[in-house]
Colleague: 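Please find one structure pasted underneath; my questions will follow.
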Amino acid sequence: MAKKLTPRSEDYSKWYNEIVVDADLAQHSDVKGCMIIKPYGYAIWERMKDVLDGMFKETGHMNAYFPLFIPKSYLSKEAAHVEGFAKECAVVTHYRLMNDPNGKGLIVDPKAKLEEELIVRPTSETIIWNTYRKWIQSYRDLPLLINQWANVVRWEMRTRLFLRTTEFLWQEGHTAHATEQEAQEETRRMLDIYAKFTEGWMAMPVIKGDKTESERFAGAESTLCIEARMQDGKALQAGTSHFLGQNFAKAFDVKFATKEGKQELVWATSWGVSTRLMGALVMTHSDDAGLVLPPKLAPIEVVIVPIYKGQEQMDEIVDRCREIETELRAAGIRVKLDADDSKRSGWKFAEYELKGVPIRLAVGPRDLANNSCELARRDTRTKSFESLDGIAPHVRTLLDTIQSDLFSTAQDRMVKNTVHVDTWEEFQAAINDEMFVLAHWDGTSETEDLISDETKASIRCLPFDGDLTPGVCVKTGNPSARRVLFAKSY
RNA sequence: CGGGGCGUGGCCCAGCCCGGUUAAGGCGCCUGGUUUGGGACCAGGAGAUCGCAGGUUCGAAUCCUGCCGCCCCGACCA
């Protein structure tokens with residue numbers, strides 16, 4: 001290969017940056033922390049979006065769209081929320097530019113100052129709850145189940161392609177319920193949908209659990225999350241679902257009349273996943289040769305590469321490839337025939353490997369004679385020769401196999417690298433080895449901070465499926481109700 | 001906000017210390033030809049306010065001053 005990625009073992013984050021750029025997922029824009037999502041990357045995001053959108057709709061949610069700009073005053077209504085977001089908000093102060101009277105270029109027109117500054121949304125709770133106040137009067141208006149696909153801006157100090165960009169794309173669900181229980185159920189339902197998506201489509205195993213108080217969303221009563229393990233051992237928060245209690249209802253005075261005619265505050269949830277999932281996808285499966293995509297999300301599941309010498313052979317082979325293309329497409333497989341004569345087959349092999357296309361199907365003169373083709377798996381990098389009779393069902397089966405193999409490989413890796421430890425020495429060693437560590441913790445933020453200061457590991461979550469036997473805290477020796485998950489994280 | 005790096009055709013970059021008149025090379029692009037089972041080759045061609053602003057000088061990509069921007073590593077956060 002001419003273009004080589006930095007191997008993961010040498011510099012994992014360099015590898016990550018190169019793969020994102022070289023596989024044509026995204027590039028840096030000229031604005032710090034912002035990225036251009038390229039067509040190939042966006043196609044993957046669109047698939048994620050379509051699948052998730054379908055899941056939301058199946059569970060009774062509808063899409064809506066709220067404005068990008070939020071009056072500054074809205075943000076200050078919920079105390080914890082301000083605390084969490086105020087320091088990373090982009091603020092619009094003016095609405096007009098003018099020619100610089102002293103020279104060339106444009107300046108902000110000082111006469112065009114806004115009376116009240118506008119915040120570019122870092123999340124939409126405030127504008128949505130300000131709106132819900134007008135929408136909700138009666139228990140008959142509940143539950144209100146809304147999702148929106150949007151961009152948000154958080155002025156982070158340190159950014160990384162897909163994992164933490166200044167502007168990012170996401171969906172944010174915002175629901176209102178008559179009872180606490182219903183809202184709690186919704187919070188959990190949506191987390192389960194996220195896990196179903198990441199495991200079933202992204203082939204990325206996750207650990208579901210509760211966040212500790214210090215890791216909670218600003219303004220939430222509880223935050224549920226899914227945590228994934230990247231190949232370098234770091235945890236990545238892949239999605240969150242928040243039970244907001246009545247905090248936003250109180251802040252924005254959202255009440256409804258019960259059957260009995262009483263006025264009560266509504267119960268709320270919000271939940272979201274973002275283009276960060278793209279980063280998660282890259283870091284879960286890809287290798288030193290490039291991207292590896294799970295078939296269910298791959299924009300191209302199968303690429304057909306014709307191999308030939310001379311014009312006459314080319315015509316014959318490309319014709320045969322077109323037949324195969326038609327057959328695969330009829331079977332519902334996303335297929336691309338690359339008959340571009342200006343690129344040689346070797347170039348195409350390397351290119352589609354870099355881009356993570358799950359299966360490559362090559363047809364050359366020998367295959368034409370034998371009615372066969374070469375099938376190459378991207379994930380295992382193995383090749384086999386197959387008859388072209390019944391190729392579509394065969395490819396379908398192979399795609400399914402790849403999808404499930406990717407999941408089990410990732411899951412095995414996570415299981416193998418998850419350990420129970422009971423002493424502080426073991427704990428430090430395990431964290432040093434980039435493990436997921438299940439250990440006892442005394443339940444205090446002080447201890448959580450102490451551990452994080454000393455080891456860089458944080459509590460990723462209190463896993464739902466965790467070990468609930470009591471013990472003693474690995475750091476302080478104080479009583480602990482259960483084991484929690486520690487890891488270094490992104 | 002600290003530490004490091006970088007700004008030169010679309011992309012990667014040499015040249016800068018030690019100033020000198022056509023700014024080198026590779027990739028890509030265009031034209032023609034030969035090629036094609038793992039990133040082909042030949043020939044020709046187009047394409048550059050050397051990040052910006054000042055200064056020194058006969059002469060600045062190169063030296064000096066100031067500024068701007070981005071990337072990477074930390075601290076902080078999804």
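Numbers restart at 1 for each chain; the letters A, B, ... are given by sequence-line order, proteins then strands.
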Colleague: Taking any heavy-atom pair under 4.0 Å as a contact, classify A:D341: base, sugar-phosphate, or nothing.
Modeller: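 Here A:D341 touches the bases of the nucleic acid.
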Colleague: Taking atom C1' in both B:C16 and B:A46, what distance in whole Å separates the two?
Modeller: 28 Å
Colleague: Is A:D192 paired with A:R188 through a side-chain N to carboxylate O contact shorter than 4.0 Å?
Modeller: yes
Colleague: Is the A:W271-A:H61 ring centre distance short of 6.0 angstrom?
Modeller: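 Here the rings of A:H61 and A:W271 have centres that are less than 6.0 Å from each other.
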Colleague: Pick the C1' atom in B:G26 and in B:U49, then give their distance to the nearest Å.
Modeller: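 Comparing C1' positions in B:G26 and B:U49 gives a spacing of 24 Å.
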Colleague: Name the nucleic acid region contacted by A:E156, choosing base, sugar-phosphate or nothing; use a 4.0 angstrom heavy-atom cut-off, strictly under.
Modeller: base
Colleague: Hey, is the side chain of A:H28 poking within less than 4.0 Å of OP1 or OP2 on B:C71, counting only N and O atoms?
Modeller: yes
Colleague: So if I take every side-chain heavy atom of A:R154 and compare against B:A78, B:G38, B:C29, which nucleotide ends up nearest?
Modeller: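 Of B:A78, B:G38, B:C29, B:A78 is nearest to the side chain of A:R154.
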Colleague: For A:L236, is there any backbone N or O sitting under 3.5 Å from a side-chain donor or acceptor partner on A:R276?
Modeller: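 Not at all, since once roles are kept as given, no pair shorter than 3.5 Å links the two residues.
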Colleague: Please determine, for the side chain of A:K309, which listed nucleotide (B:A75, B:A78, B:U36) has the closest atom?
Modeller: B:U36
Colleague: Where the side chain of A:K32 is concerned, which of B:G37, B:C71, B:A78 is the nearest nucleotide?
Modeller: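 Selected nucleotide: B:C71.
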Colleague: Look at the side chain of A:K383 against the base of B:G37 and say whether a donor-acceptor pair falls under 3.5 Å; ignore hydrogens and angles.
Modeller: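 No such pair is found, so the answer is no.
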Colleague: When you measure from the side-chain N and O atoms of A:N17 to the phosphate of B:C71, is any distance below 4.0 Å, counting only OP1 and OP2?
Modeller: no
Colleague: Using only heavy-atom distances, determine whether the side chains of A:S270 and A:H174 contain a donor-acceptor pair under 3.5 Å.
Modeller: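 Result is no, nothing qualifies.
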Colleague: Would you say a side-chain N or O of A:R158 is under 4.0 Å from OP1 or OP2 of B:G74?
Modeller: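 Yes, within the criterion.
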Colleague: Can you say whether a donor on the side chain of A:R344 sits under 3.5 Å from an acceptor on the base of B:G37, or the other way round?
Modeller: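 Checked by distance alone, the answer is no.
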Colleague: Base, sugar-phosphate, or nothing for A:G310, non-hydrogen atoms under 4.0 angstrom?
Modeller: base
Colleague: Looking at A:K456, I'd like to know whether one of its side-chain N or O atoms comes within less than 4.0 Å of OP1 or OP2 on B:A75.
Modeller: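 For B:A75, OP1/OP2 do have a side-chain N/O of A:K456 under 4.0 Å.
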Colleague: Between A:W201 and A:K196, is there a donor-acceptor pair closer than 3.5 Å when you use the side chain of the first and the backbone of the second?
Modeller: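 Not confirmed, A:W201 side chain does not pair with A:K196 backbone.
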Colleague: Compare the minimum distances between each of B:C72, B:G39, B:C77 and the side chain of A:W347, then state the nucleotide with the smallest one.
Modeller: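 Given the options B:C72, B:G39, B:C77, the side chain of A:W347 is closest to B:G39.
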Colleague: With a non-hydrogen cut-off below 4.0 angstrom, is A:S13 in contact with a base, only sugar-phosphate, or nothing?
Modeller: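 Result for A:S13 = sugar-phosphate.
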Colleague: Taking the nucleotide of RNA chain B with the closest heavy atom to each, which residue, A:G364 or A:K14, is nearer the 5' end?
Modeller: A:G364
Colleague: Hey, does the side-chain of A:D30 have a donor or acceptor N/O within less than 3.5 Å of a partner on the base of B:G69?
Modeller: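 Check fails, no donor-acceptor contact within cut-off.
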